[in-house]
Enquirer: 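Right, I'll just put the structure down here and ask away after.
Everything numeric in this text was worked out from a predicted model, so none of it was measured.
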Amino acid sequence: MLITRRFEFDAGHRIPNHESHCRHLHGHRYALEVTLRGEPVTQAGRSDEGMVLDFSAVKALVQRALIEQWDHAFLAYRGDQLLLDALERIPDHKTVLLDAVPTAENLARIAYETLEPRFAALYGERLCLARVRLYETPNCWADYPAG
């Protein structure tokens with residue numbers, strides 16, 4: 001069975017070498033869908049009976065591991081020195097440094113790589129992170145892993 005929990009957050013970014021508007025500072029209302037694969041709990045009387053995982057547990061883990069860091073932050077590529085010099089001048093600015101350009105594709109992969117070991121550590125083989133889908137706009141998204 002697959003279950004999915006959706007999260008929304010606001011963040012800024014820029015794609016430094018982009019040939020069009022995306023090279024400029026801008027922001028998005030991102031949506032992140034976290035999909036888990038597993039079998040529903042069958043033990044009678046448990047509060048999570050019939051669930052792969054209680055959606056509140058999914059929310060707590062994803063909020064803590066990712067959303068709290070990325071929400072209302074500027075997601076910046078570590079190699080974008082011009083941007084980093086500018087952001088450094090803003091007192092108490094919330095900047096998240098990334099090892100890749102903050103495209104939807106890279107953010108989906110980073111989100112997956114951040115969340116997957118946390119789900120594995122807590123739930124072992126009982127369930128697994130099947131996919132992360134990151135919407136940059138309502139019409140544009142990236143899935144990781146593909147397929």
Side-chain angles (χ1 to χ4, degrees), residues 1-41 48 50-147:
M1 170 130 347
L2 296 173
I3 64 166
T4 300
R5 171 76 196 226
R6 182 181 174 97
F7 301 84
E8 294 184 359
F9 64 96
D10 299 294
H13 77 149
R14 86 175 195 124
I15 311 302
N17 299 318
H18 196 269
E19 294 177 355
S20 188
H21 302 296
C22 292
R23 74 178 175 277
H24 303 296
L25 305 179
H26 64 284
H28 295 282
R29 176 73 176 170
Y30 288 98
L32 179 76
E33 293 178 354
V34 174
T35 300
L36 300 168
R37 174 180 287 114
E39 291 301 319
V41 172
D48 60 351
M51 301 176 192
V52 171
L53 184 63
D54 190 315
F55 286 117
S56 66
V58 179
K59 179 182 178 182
L61 189 152
V62 175
Q63 284 286 139
R64 191 171 47 254
L66 196 71
I67 303 300
E68 289 174 7
Q69 283 72 41
W70 287 9
D71 188 38
H72 285 83
F74 203 91
L75 308 177
Y77 171 47
R78 190 178 304 280
D80 189 354
Q81 196 58 53
L82 184 64
L83 173 64
L84 298 181
D85 291 345
L87 294 176
E88 198 173 84
R89 295 179 185 173
I90 304 171
D92 300 318
H93 190 269
K94 188 175 179 183
T95 304
V96 175
L97 294 179
L98 304 170
D99 292 326
V101 175
T103 61
E105 295 88 342
N106 284 333
L107 293 174
R109 179 185 49 77
I110 292 166
Y112 183 92
E113 290 172 352
T114 299
L115 297 172
E116 192 279 329
R118 288 169 170 83
F119 279 108
L122 286 173
Y123 301 104
E125 294 182 15
R126 191 176 90 65
L127 60 83
C128 70
L129 180 58
R131 183 191 75 211
V132 167
R133 174 172 282 174
L134 181 84
Y135 288 86
E136 189 172 83
T137 72
N139 301 317
C140 301
W141 66 87
D143 290 334
Y144 191 87

Enquirer: Would you compute the distance between atom CD of E116 and atom OG1 of T114 and round it to the nearest 0.5 angstrom?
Expert: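 Here the rounded value is 10.5 Å.
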
Enquirer: To the nearest 0.5 Å, what is the distance between OH on Y123 and CG on L61?
Expert: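 Atom-to-atom, Y123:OH and L61:CG are 6.5 Å apart.
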
Enquirer: Which pair of heavy atoms, one from L66 and one from A111, lies closest together, and at what distance?
Expert: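 So the two residues come closest at CD2-CB, 3.6 Å.
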
Enquirer: Heavy atoms, side chains only, cut-off 4.5 Å: are I3 and T35 in contact?
Expert: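 The answer is no; the side chains never approach within 4.5 Å.
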
Enquirer: Do H26 and H13 come within less than 4.5 Å of each other through their side chains, counting heavy atoms only?
Expert: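 Yes; the side chains approach each other to less than 4.5 Å.
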
Enquirer: Here's a test for you: under side-chain contact (heavy atoms from CB on, under 4.5 Å), which of W141, Y30, F7 qualifies with L134?
Expert: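 Result for side-chain contact (heavy atoms from CB on, under 4.5 Å) with L134: Y30.
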
Enquirer: So, taking the atom named CZ in R109 and the one named OG1 in T103, what distance separates them when rounded to the nearest 0.5 Å?
Expert: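 The distance works out to 8.0 Å.
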
Enquirer: For E8 versus R29, what's the shortest heavy-atom pair and its separation?
Expert: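 Closest approach of E8 to R29, heavy atoms only: OE1-NH2, 3.1 Å.
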
Enquirer: Do L107 and L98 have side-chain heavy atoms sitting under 4.5 Å apart?
Expert: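 Yes; the side chains approach each other to less than 4.5 Å.
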
Enquirer: If you compare all heavy atoms of H24 against all heavy atoms of R14, which two are closest, and at what distance to 0.1 Å?
Expert: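 Looking at all heavy atoms of both residues, the shortest contact is O-CB, 3.5 Å.
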
Enquirer: Using a 4.5 Å cut-off on heavy atoms from C-beta on, say whether the side chain of R133 contacts that of R6.
Expert: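 No, every pair of side-chain atoms sits at 4.5 Å or beyond.
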
Enquirer: Tell me, do H72 and D10 make a side-chain contact under 4.5 Å, heavy atoms counted?
Expert: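 Answer yes - side chains close enough.
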
Enquirer: Nearest heavy-atom pair of V62 and F119: which atoms, and what distance?
Expert: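 In terms of heavy atoms, the two residues are closest at CG2-CZ, 4.1 Å.
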
Enquirer: Which pair of heavy atoms, one from E39 and one from M1, lies closest together, and at what distance?
Expert: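 In this case the closest contact between E39 and M1 is OE2-N, 4.2 Å.
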
Enquirer: Would you say R118 and L129 make side-chain contact, with heavy atoms under 4.5 Å?
Expert: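 When only atoms from C-beta onward are counted, L129 and R118 do not touch, as no gap falls below 4.5 Å.
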
Enquirer: As an exercise, state the distance from CG of L127 to CG of L2, rounded to the nearest 0.5 Å.
Expert: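 So the gap between those two atoms works out to 11.5 Å.
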
Enquirer: Mind checking the CG-CZ spacing from L83 to R23? Nearest 0.5 Å is all I need.
Expert: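 Taking CG in L83 and CZ in R23, the distance rounds to 14.5 Å.
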
Enquirer: Checking D85 now: which residues fulfil side-chain hydrogen bond (donor to acceptor under 3.5 Å, both in side chains) with it, not counting sequence neighbours?
Expert: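 Result, side-chain hydrogen bond (donor to acceptor under 3.5 Å, both in side chains) vs D85: Q81.
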
Enquirer: Kindly compute the distance separating CG (L75) from CG (L97), expressed to the nearest 0.5 Å.
Expert: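 It comes to 10.0 Å.
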
Enquirer: Does the side chain of F74 come within less than 4.5 Å of I90's, by heavy atoms?
Expert: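 When only atoms from C-beta onward are counted, F74 and I90 do not touch, as no gap falls below 4.5 Å.
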
Enquirer: Distance only, no hydrogens: is a donor on one side chain within 3.5 Å (strictly under) of an acceptor on the other, for T137 and N139?
Expert: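 On atom types as modelled, these side chains do not qualify, holding no pair under 3.5 Å.
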
Enquirer: Run the side chain to side chain contact (heavy atoms under 4.5 Å, CB included) test on R131 and R37 for me, step by step, so that the C-alpha distance in whole Å, both residues' side-chain angles and the decisive distance to 0.1 Å come before the verdict.
Expert: CA-CA 9 Å; R131 183 191 75 211; R37 174 180 287 114; over 6 Å; no

Enquirer: Does the H28 side chain pair with the main chain of E136, one donor and one acceptor, at a distance under 3.5 Å?
Expert: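 Yes, the answer is positive, given that a donor and an acceptor are paired below the 3.5 Å cut-off.
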
Enquirer: Tell me every residue that passes ring-ring contact (aromatic ring centres under 6.0 Å, His included) with Y112, counting only those two or more places apart in sequence or in another chain.
Expert: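 Checked Y112 against ring-ring contact (aromatic ring centres under 6.0 Å, His included); matches are Y144.
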
Enquirer: Which atom names give the shortest non-hydrogen contact between V101 and N106, and what distance separates them?
Expert: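 Heavy atoms of V101 and N106 come nearest at O-ND2, 2.8 Å.
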
